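Structure incoming, see below.
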Amino acid sequence: MQERYEPAAVERAAQDYWNTHASFVAREDSGRQKFYCLSMFPYPSGRLHMGHVRNYAIGDALARYMRMQGLNVLQPMGWDAFGLPAENAAIANGVPPARWTRENIAYMKNQLQALGFGLDWSRELATCDPDYYCWNQWLFVRMRERGIAYKKTGVVNWDPVDKTVLANEQVIDGHGWRTGALIEKREIPMYYLRITAYAAELLDALQGLTEWPERVRTMQANWIGRSEGCDVTFPYAQDTLAVLGGAAHDANRGMKVFTTRVDTLFGVTFMAISAEHPLATAASAGNPALAAFVEECRRGSTMEADVATVEKRGQNTGLHVRHPLTGEPVEIWVANYVLMSYGEGAVMGVPAHDDRDFEFARRHQIPMRVVVQPAGVEVGLGDEWAPALSATGVSVNSGEFSGLASAAATAAIAAALEQRGLGAKRVQWRLRDWGISRQRYWGCPIPLIHCERCGEVPVPDADLPVRLPEDLLPDGSGNPLAKCEAFVRCTCPSCGQGARRETDTMDTFVDSSWYFLRFASSDQAGAPVDARAQYWLPVDQYIGGIEHAILHLLYSRFWTRVMRDMGLVELAEPFSKLLTQGMVLNQIYFRQPSGGRRVYFNPAEVLVQHDAAGKRIGASLQSDGQSVEYAGLGTMSKSKNNGVDPQTLVEKYGADTARLFMLFAAPPEQTLEWSDEGAQGQYRFLRRLWKAVYDHSVAGPLSQRAHWGPLQGAAARMRLLTHQTLKRVGDDIARRRVFNTAIAAVMELLNAVARYEEPGELGRAVRHEALETAVMCLSPMVPHVCHVLWFCLGHERALIDEAWPQPDPLALIQETVELVVQVNGKLRARVRVAAGADEASARSAALEDSTVRRFVGETAPRRVIYVPGKLVNIVV
RNA sequence: GCGAAAGUGGCGGAACUGGUAGACGCGCUGGCCUUAGGAGCCAGUGGGGCAACCCGUGAGAGUUCGAGUCUCUUCUUUCGCACCA
């Protein structure tokens, strides 16, 4: 063993060993309990970033720990390889997305391997490979057959200059990112997946996901958004019928809305419809002011956050509906806050009992009518009314329903509506069907053919996959597939005549909605999954960013159920246990020349000045010594120039230090702040560990393995700490899934070993056990250095193949324990008592203490609280 | 706007089930060693006070023998909002 810790050599040796022994190639074995550990696969953006390192360090630590517990572990890796950045890179550099993506994959695979993650590369997949997306297409055709996939129109962001559909990300403040043109909303036909058919099941099953973070379950439940309410039809008045003409689809019925507060029906003073509502278009015909407003609403982005924060504006159509119970005319307004994509594209306006309607009515001087009197609130319609808006109470001004409590009024009014055929109780979901059509090149082609005679025809299974041509170059103006005649021209599978291929591709969320199933049988050429999925699934531990808490996880839960209903898999829930990892942040530094734009400097180039107490007092740029401004913490990004390349870190300190820092600096679920000094500190720790093992092992092998009898003094304390550490680390990893405290525990153990100076063979044996335990406990987190140190400690077998040891109960026995003594809840003393001391002896021990006596005084305690083994609280 | 979370020393964090606030690490201070290094070792480090002690977990209230932890109000920050992945 050499004295110096040299990470490069250590890591090469360990990785060579794992590779030659195929340590991480997983095989199905029905006789062994499996553990499927999955970290979300990366988008191949070019280089690994710190978020990846963190994600995979967590997953690998868990996988290695479970492997040492004797489980049959599968930890695969793949590439979420379709997506917009490849097209952006193509526009910027003129490189076809396929080449760019594949080069990135090759580079990043090298980086992952250098970090020494225990991955089964034999199952590697990339979603841009026809072997994979073939099954997206096959599954899509099956879903279309079953009515899960269907076609309807949807709203997209349209850039009128580039004449192209933009992603939300490409819309900046309502303008196109490249052209700067004002974005318009445009309706186009698209394919949707009927996720709403599974809404109830997806919601109910959340209760069974007890190993998911509570907040993720809450967010999903709110997203699915079950609400009980009532459909209400407001019959059209004569003026509206005249505008709609006889052709309108529901002209003879009326305007349908959904409400959760039908008890406020008598408070309706207006109706609000979306600018995209058919009636809005019809009413615009002879009304220039309205037409201008509808036109204005068509501009701007489709994002809900934008729509919801926009100033609530509206325009009266001058048309009316009739109140379903009173027959009174009600004005119809077009309002910019009503979404066509949610519900019916129309809402009833009850200003006195809804926040948004209240604001809208005030702005447009629409009358308000109070119809619910909450208990103990003055009726008034000024600002003071705001807290009462959504309250329930007793119905007033509601005809025959006045005097009923809100719940009773809801039931009675719904019944009255139903009797007239103008309404019915219904459950409404916030969840909308999933639009999967994208007018983009770098994605999975939707396998459809448009034939003039036969209409829309799916591509027959035998002709799948529809291969995406890989040599096209997007230029920012529309989908290059649409201009590729070689792709578009085809023959109709049904009539044999010339036809045109669909050029829309699928949302990349489709790709990631079932990749975890494919890993179980990635070499299966005849089906998307096979019987091996039954062995490996569900994923026992899924790890990924909190930003995926809703969409990706919900789509995957939906997709798995669809495959279940097709008989392809038996499970419904793909992920048993979920860990949502926090983001990686770094400091942001900049200078702002007067009148100029901010120039950002990478924190690595910045020198921070401290005062004598260690407080940060300023920062300057290393190169010129002039000061720079500190702008706080932010996620690592190019625009803020605060990224840290993991490659540099690995080259400087090695993979083990990179992993150790990521696991030590924060618990997995919290955000993590990058710190160069922190990483150095972890490197220092690994060096100390190395030195400790070196100093111990140069003295030669142990003369004999110890037979542990009862020990005394320092040796007993050392063994106690050793086995306490083993217990703590196991609990931290297996139960709590936290690594920072596990690592801290080993640091404490190593600090104690350094202070433990007992000479002789007994001392050496105790020290040996402590060091062995430290190496064992750290090995899931820093596997390379531990692999080598394990051999240095005299073992023949590789550490990865060792079984995780049990703590020795004998070493954990303590004869006395320290009790905290409080007087009136304030800490006053500590006393040692026998381990199993009863209340009487604990109490008398506490009262013997001089400080305690001083605070208790001469009077008898009013009450004494005793928590065995922990504390005595004397109340006086 | 709606939904979800988080606020603890100079900094990252620990305190898991209501029971010792600040483990572990970084930074900083002093010292030692030295073929001088961004190395290693030792000691100190929440604030106040000579001390006994007192004060301290974003702010404000409450429950309790006891609150960082539970309840309510409030402020700030972060994440998601359906075409970024």
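Since the structure is predicted, the reported quantities are computational estimates derived from the model, not experimental observations. Just so we're on the same page: letters track the sequence lines, and every chain starts at 1.
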Sugar-phosphate only, base, or nothing, as touched by K691(A) at under 4.0 Å among non-hydrogen atoms: nothing
Touch class at under 4.0 angstrom, heavy-atom based, for F509(A) against every strand present: base
Pairwise side-chain contact, Q428(A) with R226(A), heavy-atom cut-off 4.5 Å (strictly under): no
Touch class at under 4.0 angstrom, heavy-atom based, for R737(A) against every strand present: nothing
K870(A) side chain near A15(B) phosphate (N/O to OP1/OP2, under 4.0 Å): no
Aromatic plane relationship, Y630(A) with Y589(A) - under 30° parallel, 30 to 60° tilted, over 60° perpendicular: tilted
Of Y683(A), W674(A), Y653(A), the residue whose pairing with F661(A) passes ring-ring contact (aromatic ring centres under 6.0 Å, His included): W674(A)
C1'-based separation of G7(B) from C42(B) [nearest Å]: 37 Å
Heavy-atom check, side chain of T580(A) versus side chain of E669(A), under 4.5 Å: yes
Touch class at under 4.0 angstrom, heavy-atom based, for H552(A) against every strand present: nothing
Name of the residue among F509(A), Y133(A), Y555(A), Y132(A) meeting ring-ring contact (aromatic ring centres under 6.0 Å, His included) with W514(A): Y132(A)
Nearest-Å distance once atom P is located in both G25(B) and G46(B): 15 Å
Pair W559(A), Y198(A): side-chain N/O donor-acceptor within cut-off below 3.5 Å: no
Between G9(B) and G22(B) - C1' atom distance, rounded Å: 7 Å
From G13(B), C84(B), C16(B), nucleotide with atom closest to E169(A) side chain: C84(B)
Sugar-phosphate, base or nothing in reach of T302(A), heavy atoms under 4.0 Å: nothing
Mutual orientation of the aromatic rings belonging to H548(A) and H552(A) [parallel < 30°, tilted 30-60°, perpendicular > 60°]: perpendicular
Nearest-angstrom distance from the residue atom CG of N586(A) to P of C11(B): 17 Å
Any R356(A) side-chain nitrogen or oxygen under 4.0 Å from OP1 or OP2 of C2(B): no
Heavy-atom side-chain contact between L672(A) and L585(A) under 4.5 Å: no
Touch class at under 4.0 angstrom, heavy-atom based, for M506(A) against every strand present: nothing
Would you tabulate the nitrogen or oxygen pairs shorter than 3.5 Å linking the protein to nucleotides 23-31 of chain B?
residue	atom	partner	partner atom	Å
A23(B)	O2'	E748(A)	OE1	3.4
A23(B)	O2'	E748(A)	OE2	3.1
G25(B)	OP1	N751(A)	ND2	3.3
G25(B)	O2'	Q682(A)	NE2	3.4
C26(B)	OP1	R684(A)	NE	3.3
C26(B)	OP1	R684(A)	NH2	2.9
G27(B)	OP2	R684(A)	NH2	3.3
G27(B)	O2'	H610(A)	ND1	3.4
G27(B)	N2	A613(A)	O	3.4
C28(B)	O2'	A612(A)	O	2.2

Show me the protein contacts with nucleotides 61-66 of chain B, counting only N or O atoms at under 3.5 Å.
residue	atom	partner	partner atom	Å
C65(B)	OP1	R863(A)	NH1	3.4
C65(B)	O2	N873(A)	ND2	2.3

Touch class at under 4.0 angstrom, heavy-atom based, for T164(A) against every strand present: nothing
Non-hydrogen side-chain atoms of L750(A) and F685(A) separated by less than 4.5 Å: yes
Charged N-O contact under 4.0 Å between D159(A) and K163(A): no
Any R828(A) side-chain nitrogen or oxygen under 4.0 Å from OP1 or OP2 of C54(B): yes
P gap between U8(B) and A15(B), integer Å: 15 Å
Mutual orientation of the aromatic rings belonging to F82(A) and W442(A) [parallel < 30°, tilted 30-60°, perpendicular > 60°]: perpendicular
Sugar-phosphate, base or nothing in reach of Q439(A), heavy atoms under 4.0 Å: base
Whole-angstrom distance between G58(B) and C54(B), as gauged at atom C1': 23 Å
Pairwise C1' distance for G13(B) and C65(B), with rounding to whole Å: 31 Å
Touch class at under 4.0 angstrom, heavy-atom based, for L431(A) against every strand present: base
Anti or syn - G9(B), cut at 90° from 0: syn
Sugar-phosphate only, base, or nothing, as touched by A549(A) at under 4.0 Å among non-hydrogen atoms: nothing
Nearest-Å distance once atom P is located in both C24(B) and A14(B): 14 Å
